[in-house]
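Structure first, then comments.
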Amino acid sequence: PAFLAQDFETAEQAKDFLNGDSGSAYVLSDELGDGWPVLAWELEKPISQDTEQGKALAAVKKAFAEAQKAALNALDGRKGTVGVYNYKTGEILCMVSSPTFDPDDVPDVAGNPETYDGVYVNRFLYGDYTPGSIFKLVTAAAALEQIPDIEQRSFFCEGSAQVGAETVICNGVHGEQDFQSALANSCNVAFAEIAAELGPDTLTEYVRKTGILSRLSFDGTKTAAGSFDLTGATTYEAAWAGVGQYTDQINPCQYMTYMGAIANGGQAAMPYLVQNVYFGDSRKYSASTSKCDRALDEDTADRLAEMMHYT
């Protein structure tokens with residue numbers, strides 16, 4: 001793992017590593033069975049950089065900073081955002097919005113409108129985007145629960161298909177494929193046909209059920225709301241919405257949380273940014289894990305998580 005500081009066989013060993021210091025270890029289960037990588041921990045008193053705990057904690061902090069830098073470099077000045085969180089605890093580990101600026105060197109927005117368009121907007125929290133193919137995980141959830149034989153069906157992709165009165169274009173030519181393969185291939189043809197069969201009412205029901213349009217509220221801020229409106233939509237438009245196009249608009253932080261729900265058996269941990277608040281030596285606030293409303297049935301979430309291993 002990118003943020004690995006120290007490996008342990010059990011969570012108890014991770015706690016023992018704290019060597020009796022008061023605090024709590026944050027551990028993330030490794031589904032491949034390679035132990036419990038410790039991502040970070042919090043101590044109620046400072047620890048020396050000369051101790052094993054101090055060195056490991058410093059490595060974790062450095063890894064988080066490097067993750068931020070890597071995300072910003074990957075965006076390379078393009079408009080966009082990257083977010084990473086611990087789906088077990090809710091802790092946001094990386095949040096980058098681009099373009100960005102140095103607070104000590106205020107940008108000349110008026111003189112460089114193209115370069116600094118939206119520079120003061122945190123796109124992760126307050127932006128809305130056309131989700132594209134990641135929306136197929138909402139359509140897939142609806143299909144698993146509403147189309148009884150979806151996993152026994154075959155779909156044929158020649159690179160395009162007529163759905164309703166218009167043509168859906170795919171990103172490839174996938175030939176014959178089952179449902180799992182269609183998700184792995186991110187096949188527009190298969191998922192447009194599935195969305196058309198589900199219809200506008202069922203798609204809208206699952207968009208609401210998963211909560212991806214709702215505003216998240218945490219640490220004194222609220223994320224932007226999403227939008228999904230199939231009022232009066234044609235069959236083609238509903239199909240296109242089911243692959244994440246048409247008028248779909250989703251907030252990145254909210255959709256990240258939906259991914260957390262899939263990974264966490266259908267119920268996501270609420271994201272948070274603030275770990276602790278101190279006044280002098282007194283800690284006035286400490287973050288704790290809270291759960292969002294259930295987004296998916298556990299069986300549906302587990303099947304989606306399994307299918308995502310092939311994407």
Quick one: does [X]'s side chain get under 4.5 Å of [Y]'s, heavy atoms only?
X      : Y      : value
Lys222 : Ser214 : no
Tyr246 : Asp229 : no
His174 : Phe155 : no
Leu137 : Met307 : no
Ile250 : Leu213 : yes
Leu216 : Pro271 : yes
Tyr255 : Val138 : yes

Within a radius of less than 6.0 Å around [atom1] of [X], do more than 12 heavy atoms belonging to other residues, nucleotides or ligands occur?
X      : atom1 : value
Gln152 : CD    : yes
Lys291 : NZ    : yes
Arg208 : CZ    : no
Asp293 : CG    : no

Looking only at atom types and distance, does a side-chain atom of [X] sit under 3.5 Å from a main-chain N or O of [Y], one as donor and one as acceptor?
X      : Y      : value
Asp219 : Val274 : yes
Asn251 : Gly127 : yes
Gln245 : Thr130 : no
Lys136 : Ser186 : yes
Thr289 : Thr89  : yes
Glu145 : Ile147 : no
Ser98  : Arg78  : yes
Asp297 : Asp299 : no
Thr81  : Val96  : yes
Tyr85  : Ala269 : yes

query: What closest approach, in Å, do Ala295 and Tyr258 show between heavy atoms, and which atom pair accounts for it?
result: CB-CD1, 4.5 Å

statement: Residues Gly265 and Arg294: closest non-hydrogen pair is O-NH1, 2.9 Å

Does one side chain, of [X] or [Y], offer a donor that lies under 3.5 Å from an acceptor on the other?
X      : Y      : value
Gln177 : Ser154 : no
Ser290 : Tyr272 : no
Asp178 : Ser181 : yes
Ser286 : Asn276 : yes
Gln254 : Thr223 : no

Hey, could you give me the [atom1]/[atom2] distance between [X] and [Y], rounded to the nearest 0.5 Å?
X      : Y      : atom1 : atom2 : answer
Trp240 : Ile169 : CH2   : CD1   : 7.5 Å
Thr204 : Phe228 : OG1   : CZ    : 5.0 Å
Leu296 : Leu304 : CG    : CG    : 6.5 Å

- prompt: Which word best sums up how the rings of Tyr120 and Phe101 line up, parallel for under 30°, tilted for 30 to 60°, or perpendicular for over 60°?
  reply: perpendicular

query: Is any NZ, NE, NH1 or NH2 atom of the basic residue among Arg303 and Glu306 found under 4.0 Å from an Asp or Glu carboxylate oxygen of the other?
result: yes

- prompt: Under a 4.0 Å N-O cut-off, is there an ion pair linking Glu193 with Arg153?
  reply: no

query: Would Leu198 and Tyr206 count as a side-chain contact (heavy atoms from CB on, under 4.5 Å) if you check the C-alpha gap in whole Å, the side-chain angles of each, and the deciding distance to 0.1 Å?
result: CA-CA 10 Å; Leu198 289 167; Tyr206 273 81; over 6 Å; no

message: Pair Ser97, Tyr126 - check side chain to side chain donor-acceptor pair (under 3.5 Å), show working.
response: CA-CA 10 Å; Ser97 182; Tyr126 309 123; over 6 Å; no

